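Only a predicted model underlies this, so the values are computations on that prediction, with no experimental measurement involved. Every chain is numbered from 1 and lettered A, B, ... according to where its sequence line falls, protein lines coming before strand lines.
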Amino acid sequence: MQLTIATWNINSVRLRIDNLARLIAEASPDVIALQEIKCPDEAYPRAAIAALGYPHQYARGMKGYNGVAILSRLPFTATHGLDWCERQDCRHAAVKLAGGIELHNFYVPAGGDRPDPAANDKFAHKLRFLEELAAWSKAERAPRQRRILVGDLNVAPLPNDVWSHKALLDVVCHTPGEVDRLNALQEAESWVDALREFYPPEQKLFTWWSYRAQDWRASDRGRRLDHIWVTPALRGQLRAARVCKDARDWRQPSDHVPVVVTLEV
DNA sequence: ATGGTTGCCGTGCAA
């Protein structure tokens with residue numbers, strides 16, 4: 001069977017429930033991983049999402065910030081959420097899908113403005129978060145394991161994952177320190193970057209455009225911050241991948257757009 | 001070099 005998975009930093013699930021409906025209409029994902037839902041569990045719109053065809057939901061939210069959720073048309077058999085950097089800030093949710101495929105949804109800290117861990121606690125937190133992810137992945141590694149890691153990783157690792165490699169070398173999300181740590185995470189479990197299996201690294205590819213641009217499409221100063229990775233056991237099962245760029249022009253858009261892959265499982 | 005916008009919450013903070 002085909003399994004389509006979407007990941008999206010929705011930047012408030014309550015505000016953008018209609019945009020979620022539109023993603024569902026246009027991409028028909030079986031499973032949707034959301035980041036920055038920005039609501040506590042008691043305010044999470046469970047019934048509205050069930051009505052969109054996703055009765056199986058696992059959400060970890062908090063007031064105002066962060067928060068992740070996994071929505072599914074198909075049942076999942078287990079759920080868990082881990083804490084990182086000794087904080088309870090709702091940046092991870094995991095489920096086990098049919099066939100034993102594990103799906104992990106992450107929201108990596110953005111890291112603030114200054115890329116200096118000594119002067120910026122938020123950047124130090126981001127670096128440490130990425131280090132903990134690498135250690136976790138290395139410990140979890142197992143041969144032939146079928147796992148999927150998605151989310152807003154808040155790092156654009158390749159030169160063509162940003163509008164200007166040179167201009168962003170000292171900008172948070174593309175600094176060598178962040179890229180090195182993301183690469184260490186990727187190597188920990190030999191994760192395959194599913195999007196780059198379909199869009200060659202020579203090609204610019206972005207999933208986020210700042211709200212601050214006057215005309216985001218014209219200036220096109222984007223970054224690829226949202227990722228879908230699969231373990232080597234699933235590489236041969238990848239069938240399609242795409243970035244829903246048009247979502248950036250939907251009414252009251254998120255600054256991130258959905259990323260979607262289809263696997264044969 | 002600077003400022004630009006958005007969401008949540010409450011008139012600041014994080015992104």
Point to revise | Comparing A:K122 and A:S210 on DNA chain B - which has the more 5′ nearest nucleotide | key: A:S210
Review point. Which whole number of Å gives the distance between the P atom of B:dG12 and that of B:dA1?
Key: 28 Å
**Study point:** Between C1' of B:dC9 and CG of A:N11, the distance in whole Å
**Key:** 14 Å
Practice item. Write down the distance between NE2 (A:H256) and C1' (B:dT6), rounded to a whole number of angstrom. Key: 12 Å
Study note, to complete from the structure: Atom CG of A:D226 and atom C1' of B:dA15 are separated, to the nearest Å, by 13 Å
Exercise for review: Sticking with atom P, work out how far B:dG3 lies from B:dG7, rounded to a whole angstrom.
Suggested key: 22 Å
Exercise for review: Send over the distance from A:N66 CG to B:dA14 P, rounded to a whole Å.
Suggested key: 11 Å
Point to revise | Earlier contact from the 5' end, DNA chain B, for A:Y211 and A:G112 | key: A:Y211
Practice item. Check every atom of B:dA14, B:dA15, B:dT5 against the side chain of A:Y107 and return the nucleotide holding the closest atom. Key: B:dA15
Exercise for review: Using whole Å, report how far CD1 of A:I10 lies from P of B:dA15.
Suggested key: 18 Å
Exercise for review: Remember a base hit wins even if backbone is also touched, and classify A:E36 as base, sugar-phosphate or nothing at under 4.0 Å, heavy atoms.
Suggested key: sugar-phosphate
Practice item. Could you check which of B:dG4, B:dA14, B:dC8 has an atom nearest any side-chain atom of A:L15? Key: B:dC8
Check your understanding: Sub-3.5 Å donor-acceptor pair from the side chain of A:D41 to the main-chain atoms of A:G61, do we have one?
Key -> yes
Practice item. Could you give the distance separating B:dT6 and B:dT2 at their P atoms, to the nearest angstrom? Key: 23 Å
Review point. Between atom CH2 in A:W209 and atom P in B:dA15, what is the gap in whole Å?
Key: 21 Å
Review point. Centre of A:W209's six-membered ring, under 6.0 Å away, within 45 degrees of the axis: is that where NZ or CZ of A:R248 sits?
Key: no
Check your understanding: B:dA15 P sits how many Å from A:N154 CG, rounded?
Key -> 8 Å
Point to revise | ring-ring contact (aromatic ring centres under 6.0 Å, His included) evaluation trace for A:F106 with A:W229 | key: CA-CA 12 Å; A:F106 284 102; A:W229 292 356; 9.5 Å; no
**Study point:** Nearest-angstrom distance from the residue atom OH of A:Y65 to C1' of B:dC9
**Key:** 8 Å
Practice item. Please measure how far the P atom in B:dT5 lies from the corresponding atom in B:dC9, and state the result in whole Å. Key: 22 Å
Review point. Is there a side-chain polar atom (N or O) of A:S12 under 4.0 Å from OP1 or OP2 of B:dT6?
Key: no
Practice item. Look at all strands and tell whether A:R16 reaches a base, only sugar-phosphate, or nothing, counting heavy atoms closer than 4.0 Å. Key: sugar-phosphate
